[in-house]
Amino acid sequence: MATSAEESTMVTVPPRGRPKSGRVWKPEQKSRHSGLIDVKPLKTSWKKKQEQRAELKMVKQLDREAKAAKSQMKEDKRKREEENKRRREENEKKSQVVQTISRLATLKRMKKNKKMYKKLQVR
């Protein structure tokens with residue numbers, strides 16, 4: 001049996017009851033997460049500050065360059081698409097079959113009919 005000195009040093013821990021959530025497999029929380037946050041030092045050295053500033057400056061410069069490159073690519077793509085559209089329209093106009101109408105009566109008749117009016121183009 002244990003002596004009285006050993007009994008006084010042993011701490012009696014009450015048995016752990018069943019948790020309210022029912023999750024018995026989860027370990028008991030020792031401390032809160034908010035207690036784990038480290039305290040930042042009050043002062044940083046001048047050298048460290050300069051290094052941080054230089055690093056931040058470099059990151060911002062890289063970010064600006066990336067944005068500029070992306071916007072340039074967008075602008076180039078827009079110009080290319082615009083040029084292609086213009087060229088496509090020109091080619092379409094060139095390939096159209098055109099018939100000249102010399103009689104004014106035919107022209108008037110065509111203007112009255114919706115289908116024919118769509119086909120009419122003044123050149």
Side-chain angles (χ1 to χ4, degrees):
M1 277 225 137
T3 63
S4 62
E6 288 176 1
E7 284 179 10
S8 64
T9 57
M10 289 186 356
V11 178
T12 56
V13 180
R16 185 171 166 222
R18 188 172 180 84
K20 190 171 187 177
S21 64
R23 297 175 182 177
V24 291
W25 62 89
K26 286 210 157 193
E28 192 176 341
Q29 190 178 18
K30 302 290 182 213
S31 63
R32 297 226 174 256
H33 181 69
S34 59
L36 298 175
I37 298 171
D38 290 333
V39 178
K40 292 182 182 177
L42 293 173
K43 295 180 182 178
T44 56
S45 68
W46 180 251
K47 192 176 180 182
K48 257 190 181 176
K49 278 185 185 177
Q50 292 299 333
E51 287 173 3
Q52 286 174 347
R53 279 190 188 138
E55 190 177 332
L56 187 65
K57 211 176 202 181
M58 191 174 67
V59 167
K60 283 186 178 181
Q61 179 65 27
L62 287 172
D63 191 38
R64 274 196 296 269
E65 287 174 5
K67 282 183 182 177
K70 192 175 181 181
S71 65
Q72 183 65 34
M73 282 175 53
K74 246 184 180 177
E75 184 67 22
D76 291 344
K77 185 179 178 183
R78 187 188 62 79
K79 283 182 180 178
R80 247 192 344 267
E81 286 175 352
E82 204 172 272
E83 181 66 26
N84 288 345
K85 186 179 178 183
R86 186 187 58 78
R87 204 176 306 125
R88 197 180 305 120
E89 285 173 356
E90 282 178 6
N91 290 340
E92 206 172 281
K93 281 184 182 178
K94 283 180 189 175
S95 68
Q96 285 180 347
V97 177
V98 181
Q99 185 177 8
T100 56
I101 301 169
S102 56
R103 292 178 58 193
L104 290 175
T106 312
L107 195 63
K108 278 185 180 179
R109 231 179 311 129
M110 286 179 86
K111 281 185 179 178
K112 286 179 184 176
N113 190 346
K114 262 190 180 177
K115 279 186 183 177
M116 297 306 273
Y117 187 73
K118 284 182 183 176
K119 290 182 182 179
L120 277 180
Q121 285 183 354
V122 180
R123 291 185 188 226

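- For the salt bridge (Lys or Arg N to Asp or Glu O under 4.0 Å) criterion with E90, the lone passing option out of R87, K93, R86, K94 is R86.
- Rounding to the nearest 0.5 Å gives a distance of 9.5 Å between CD of Q50 and NZ of K57.
- Neither L56 nor L62 shares a network with the other; the hydrophobic side chains, linked directly or stepwise wherever heavy atoms of I, L, V, M, F, W or Y lie under 4.5 Å apart, form separate groups for each.
- Remark: E81 does not engage R78 in a salt bridge, criterion side-chain N to carboxylate O under 4.0 Å.
- The neighbour count for E75 CD, taken as heavy atoms of other residues, nucleotides or ligands under 6.0 Å away, is above 12.
- For the pair R64/Q61, a side-chain contact is recorded, criterion being any heavy-atom separation below 4.5 Å from C-beta on.
- Expressed to the nearest 0.5 Å, how far CZ of R109 lies from CG of N113 amounts to 10.5 Å.
- Taking CD1 of I101 as the start and NZ of K108 as the end, the distance is 14.0 Å to the nearest 0.5 Å.
- M110 contributes atom CE, which lies 12.5 Å from atom CZ of R103 (distance to the nearest 0.5 angstrom).
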